[in-house]
Amino acid sequence: MKNYEGRWLAAWEKKHIFESDPINGKKKIFVTFPYPYMNGPVHIGTAFTSVRVDIYARFKRMQGYNVLFPWAWHWTGQSIVGLSHRLKLGDKNVRKALVEIDGVPESEVDKFVNPEYLASYYTNVSREVIKKTGYSVDWRREFTTVDPAYQRFVEWQYLTLREKGYIVQGTHPVVWCPNDKSPTGDHDRMEGEGISPEEFSLIKFQLGEFYLVAATLRPETIYGATNIWVNPEGEYVEARVNNEPWIVSMHALTKITEQKHETKVLRTFKGSELVGKFAIAPLTGKALPVLPAYFVDTELATGVVYSVPAHAPYDYMGLQDIKHGLIPVTDEVKGIVETIQPIPVISVKGYGEVPAAEIVKAYRIENSKDIRLSEATEKLYRDEFHHGVMKKNTGPLSELPVSEAKKKATELLRKTERYSTMLELPEKVICRCGTRCYVKILENQWFLNYSNKEWKERTRELIRKARILPPESVDWYYSTIDWLEDKPCVRRSGMGTRLPWDKEWIVETLSDSTIYMAFYTISKYVNQEQIHPDKLKPELLDYIFLGKGKPERIAKELKINQKLLRKMREEFLYWYPVDLRNSAKELIPNHLTFFAFHHAAIFDEKMWPRCFSVNGMVQLEGQRMSKTKGVFVTWRSALEKYGADALRLSLSLLADGMEDANWTSQKAEDSRSRVESLIPFVKGLRKTASEREQEEIDNWLVSIVGKRIEEVTEALDNMRIRKAASIVYMDIWNDLRWYVHRAGKPRRQTVRNVLEAWVKMMSPFTPFVAEELNRLLGGKGFICLSSWPDARNFKRDEKAELSEIIIGRVLEDARSVLKVVKGNKKKLKIYVSDKELRNVFMEMLEGKRSKDELSKKVLSLGIKPDSLFKLRYELGEEIVQRLVMQGGIDELTVLQKASRFIGKELGVNVEVKEYRKGLPELKGKDALPFKPALYFE
RNA sequence: GCGGGGGUCGCCCAGCCUGGUCAACGGCGCGAGGCUUAGGACCUCGUCCCUUAGGGGUUCGUGGGUUCAAAUCCCACCCCCCGCACCA
């Protein structure tokens, strides 16, 4: 970090310049960034997205707005608690990541077993980083989402939503971790990503006085069942399930209990006890033997399956195993197995009579332990499901396609009352804590009623009325609104606010972060202890945020100062609505759309957010950021390595729109050297500048800088940060280089005015060096509080701009000639076209004459008309426009004035003449308007 | 699979909506020269191929189409990224 960065930081802080209070009559801008989640240090991605907010804030401040940019910290949820917990259990990887990636000192790590400590550690580190990066944040309003005052706010929010009917109760199946006692989302899994509950058919086979309950995803194959499998080593139970006598695995019984069935265990025993017994199948009435198989997973569904060897590779191999003596069984059982033949019930294109046998052979599978069996199973299942037709031996199902037979079989089985269902995960799901998950039906959970049609419509209207940046992102909001269904808004565990009317539930992280920007308008009063969090009762918040109720009465009831109450209300009314919220694009389908929904629900249209803005993701050296893969750069490390300005500039130049940004250390280095060159460059420019008359090139610079100011202003207004930064740090720099090159001696006054504007435009991006440069130029105070440059003070000079374009084109032409021409050339003769031809050409550009008329005239001057028409295209719209607007330009004078410069550039003497018809000059007759003929000699 | 965004001259990227200024902005890298005791920094020029006069050829994911004219408009296809919910 540069010395001056620390110095300016201290100066800003000392003067409290970013602490914003309402100012009557002054227009305001309220910008926000989604508070970062404190389960780790802020990283380069957070920096990329948030720096855009600070740049916008600083830009608007300079435009004269009263700008509020607050900051807070997200602590709600399972993640922080989970991290602490894993550390406590001694997870080496967690510890390693904390020390090596997050950069936590060893002495601190042990204290992280306390989740509050962990979160506060990261909050302190992150706050420091954000301050040092120079964010113009009003820190008086800072809070965390577990602060008592914030919790009162969330309680109020949920009471309000409930009152409006947007909170509903529901019962839904979830993937459940019995250890964490909470649902396990995709990202919380060690194994089984993307797996969700599926409905298994349970078929009750009569076995003595019990039902042996087999689970299947393919009930239509019941006609092809030859036997039943159990795991001989598995633990099974006789139990009462909803008053019926069932035999299932012990694990199954737990799950069945979680799925809202009454259960009672009568006896437990080993699966082997069932082997050799017979059970009667529903629909077919066949007695099927129970056989042992180790591929039966007692933790999957009921731990009992029926066997269809014609269509299920596992079943086919299971029988083979026994026949080959791989599974020890009694002679009696073996005898039974010998008699079993596969019963084909589905015919499918591309397979013969017994598809399972075929596919097993094709895969060269030799026993039931072969891992390719699941692959074979999957393929056969897919083929049969999509192309299979039931055979004639399947009674009511015969000749139906498999997909329909499945429904029909379910229906028939249901009628026999020997059918039930359970929800189960088709594949193993292991929670991060290492526990195997199962499906639980969560009862009476609270949901946000996002499926509500009117609510959706109101939210669409909010989006329609808001500015959406970049514009191409808008469809994503609409499709999210359409797609959203009811969303659970509470969880059992983790940090957060308890639902005020049902304290067992905690409002989850995506649901407590939707309208909190409103809380920034009053958090200041809490932090300054003007009001105690206990006083933030719903009726008080109703008044502040919705204008409900009488302030006199509320103040009296809560025993608070009525003036304070009114002041808080006024503060809210002053700052709200949010003028800009910028986040990364992946937050559109959740956070940003929820933000829209909740505002639509709770606030009037006047308080709806005015602008949603997003940017792409950040990649590191071309790779997706990932802590586990070590592809991760903390904000702090980047800041320490490159300094605040360089970091900010490199982030600004990274990407625009929704495109992903690729952060590389190379780019950061480039930005650093760019920032570091600024001071010497400006110093040098001032040193060489001198008092002299104003010349055309000075007018050119002033004019071009005026244009740049307009471009930068427009880009910033549209959050085209990259475009704006590239104009300020690349284009203007190049303009100045050209100016110095062209003018030789820069003019002091011109340079001063231009530099002043330039440094101002740098201030939002690289605020520290801008302050430093401002001092260097003799400026007082803080440049970040000065006014944004006004393009109107930079007189446009179309003629000067056009002259430079013409000179540039001649130079370019001359260089390309020099490239191919051989021999040493000492002199360049430039012939501009004669006046008459120029006039005709102007008439052509202005569209004053018909093509025929023009052609005639041109011909009479001895020029092919086509060459002029071609020239018009070559010049292009912009130059044509400029020419027409100014009624042409005196080419001869322009080039004569520049002849010394052109000569110097090319290392030759230059002579500029007007070509006159009949002159015997070489090449001269090629002269066209605004494209003079050139001749080297 | 569904929804959203993209694929440009070594790399990063502008242009695409509103077709011709496009061999295509700018930055980086690389090459040459200047400045300097030297290096760095800085400044200038060059950087698809061919060409002894400003010309020609082939390029903007691939293949078609519209047009006097396409990186830009239309159609199809391929590839990459993001999201797809009880997770921030």
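Because the structure is a prediction, the values reported are computed rather than measured. In what follows, chains are A, B, ... by sequence order, proteins preceding strands, each numbered from 1.
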| said: With a 4.0 Å cutoff (strictly under), does any side-chain N or O of A:Arg737 reach OP1 or OP2 of B:C43? | reply: yes
| With both distances kept under 3.5 Å, what pairs with B:U47, Watson-Crick or G-U wobble? | B:G29
| query | Base, sugar-phosphate alone, or nothing: which one does A:His591 contact when heavy atoms must sit under 4.0 Å apart? | reply | nothing
| query | With no hydrogens and no angle check, do the side chains of A:Trp476 and A:Thr593 hold a donor and an acceptor under 3.5 Å apart? | reply | no
| field | Any-strand Watson-Crick or G-U partner of B:U67, both distances under 3.5 Å | value | none
| task | Report which part of the nucleic acid A:Lys723 touches: base, sugar-phosphate, or nothing (heavy-atom distance under 4.0 Å, all strands). | result | nothing
| query | With a non-hydrogen cut-off below 4.0 angstrom, is A:Arg720 in contact with a base, only sugar-phosphate, or nothing? | reply | sugar-phosphate
| field | Value rounded to 0.5 Å, distance of OG1 in A:Thr144 from CH2 in A:Trp73 | value | 10.5 Å
| task | By nearest nucleotide on RNA chain B, pick out whichever of A:Ala661 and A:Phe681 is the more 5' one. | result | A:Ala661
| message | For a quick test of reading the model: is some side-chain N or O of A:Arg809 closer than 4.0 Å to OP1 or OP2 of B:G54? | response | no
| request: Using a heavy-atom cut-off of under 4.0 Å over every strand shown, decide if A:Ile727 touches base, sugar-phosphate, or nothing. | output: nothing
| remark: Answer for the Watson-Crick or wobble partner of B:C35, both distances under 3.5 Å, is none
| query | Taking NZ, NE, NH1 and NH2 as the nitrogens, is one of them in A:Glu508 or A:Lys487 under 4.0 Å from a carboxylate oxygen of the other? | reply | yes
| message | Is the base of B:A53 stacked against the aromatic ring of A:Tyr935, taking ring centres under 5.5 Å apart and planes under 30° as the test? | response | yes
| request: Output the single nucleotide from B:G5, B:G83, B:C81 whose closest atom is nearest the side chain of A:Asp660. | output: B:C81
| Which part of the nucleic acid, if any, lies within reach of A:Ser673 when heavy atoms closer than 4.0 Å are counted: base, sugar-phosphate only, or nothing? | nothing
| request: Could you check which nucleotide pairs with B:A14 in any of the strands shown, counting Watson-Crick or G-U wobble with both distances under 3.5 Å? | output: none
| Partner nucleotide of B:A85 by Watson-Crick or wobble geometry (both distances under 3.5 Å) | none
| request: Select base, sugar-phosphate, or nothing to describe what A:Phe936 touches, counting heavy atoms under 4.0 Å on all strands. | output: base
| said: Tell me which one of A:Asn615, A:Thr49, A:Asp660 satisfies side-chain hydrogen bond (donor to acceptor under 3.5 Å, both in side chains) with A:Lys585. | reply: A:Asp660
| said: With a 4.0 Å limit, can you tell me whether A:Arg722 has a side-chain N or O closer than that to the phosphate oxygens OP1/OP2 of B:G26? | reply: no
| request: Could you work out which one of B:C82, B:C43, B:G27 sits closest to the side chain of A:Met730? | output: B:G27
| query | Is A:Arg809 salt-bridged to A:Glu812, going by a charged N under 4.0 Å from an acidic O? | reply | no
| task | Nearest whole angstrom, please: distance from the P of B:G83 to the CG of A:Leu587. | result | 10 Å
| task | Carefully, step by step, assess A:Glu905 and A:Arg815 under the rule salt bridge (charged side-chain N to carboxylate O under 4.0 Å, His left out). | result | CA-CA 9 Å; A:Glu905 287 294 292; A:Arg815 283 199 174 110; 3.0 Å; yes
| task | Take atom CZ of A:Arg672 and atom P of B:G40, then tell me their distance rounded to the nearest Å. | result | 17 Å
| Which listed nucleotide (B:C28, B:C81, B:A85) is nearest to the side chain of A:Trp483? | B:A85
| request: Between B:G26 and B:C84, how far apart are the P atoms? Round to whole Å, please. | output: 41 Å
| message | Base, sugar-phosphate or nothing for A:Glu812? Non-hydrogen atoms, less than 4.0 Å. | response | nothing
| query | Which part of the nucleic acid, if any, lies within contact of A:Thr184, taking any heavy atom under 4.0 Å across all strands shown: a base, the sugar-phosphate backbone alone, or nothing? | reply | sugar-phosphate
| With rounding to whole Å, what would you report as the distance between B:A38 and B:G34 at their P atoms? | 11 Å
| Between B:A41 atom C1' and A:Lys683 atom NZ, what is the distance in whole Å? | 14 Å
| request: Looking only at side-chain atoms of A:Ser479, point me to the closest of B:C84, B:G5, B:G3. | output: B:G3
| request: Report the distance from atom CE of A:Met617 to atom P of B:C81, rounded to the nearest whole Å. | output: 12 Å
| task | Grab the two heavy atoms, one from A:Asp813 and one from A:Ser816, that are nearest each other, plus how far apart they are. | result | O-OG, 2.9 Å
| request: With heavy atoms under 4.0 Å as the rule, sort A:Ser726 into base, sugar-phosphate or nothing. | output: nothing
| task | Inspect the contact between A:Lys723 and A:Asp656 and indicate whether a charged nitrogen and a carboxylate oxygen are less than 4.0 angstrom apart. | result | no
| Side chains of A:Asn449 and A:Trp455: is there a donor and an acceptor less than 3.5 Å apart? | no
| note | A:Tyr450 OH to B:C84 P, in whole Å, measures 15 Å
| Where the side chain of A:Glu659 is defined as all heavy atoms beyond and including C-beta, which of B:A14, B:C28, B:A85 is the nearest nucleotide? | B:A14
| request: Compare side-chain N and O positions of A:Ser677 against OP1 and OP2 of B:C42 and report whether any pair is under 4.0 Å apart. | output: yes
| message | Output the rounded distance in Å from CD (A:Glu472) to C1' (B:G15). | response | 14 Å
| query | B:U67 and B:G10: how far apart are their C1' atoms, nearest whole angstrom? | reply | 35 Å
| task | On RNA chain B, check which nucleotide each of A:Glu586 and A:Phe594 is closest to and give me the residue with the more 5' one. | result | A:Glu586
| request: Please determine, for the side chain of A:Glu485, which listed nucleotide (B:G83, B:C28, B:A85) has the closest atom? | output: B:A85
| task | For B:C80 versus B:C73, give the span between their P atoms, rounded off to a whole number of Å. | result | 24 Å
| request: Classify the nucleic acid contact of A:Pro932 as base, sugar-phosphate or nothing, counting any heavy atom under 4.0 Å across all strands shown. | output: base
| field | Integer angstrom distance from the P of B:C75 to that of B:G5 | value | 15 Å
| field | B:U66 and B:U72, which share atom name C1', separated by this distance in whole Å | value | 14 Å
| Between P of B:G83 and CG of A:Asp186, the distance in whole Å | 11 Å
| Contact class for A:Asn662 (heavy atom, under 4.0 Å): base, sugar-phosphate, or nothing? | nothing
| said: So A:Leu484, base contact, sugar-phosphate only, or nothing? Heavy-atom distance under 4.0 Å. | reply: base
| task | Take A:Arg708 and A:Asp735 through the salt bridge (charged side-chain N to carboxylate O under 4.0 Å, His left out) test and state the conclusion after the steps. | result | CA-CA 10 Å; A:Arg708 300 298 189 203; A:Asp735 295 338; 2.7 Å; yes
| message | When the C1' atoms of B:G56 and B:G7 are compared, how many Å lie between them, rounded to an integer? | response | 30 Å
| said: Without decimals, in angstroms, what is the distance between A:Ile481 CD1 and B:C84 P? | reply: 17 Å
| So what does A:Asp813 hit on the nucleic acid, given a heavy-atom distance under 4.0 Å: a base, only sugar-phosphate, or nothing? | base
| Using the C1' atom in both, what is the distance from B:A41 to B:U36, to the nearest Å? | 11 Å
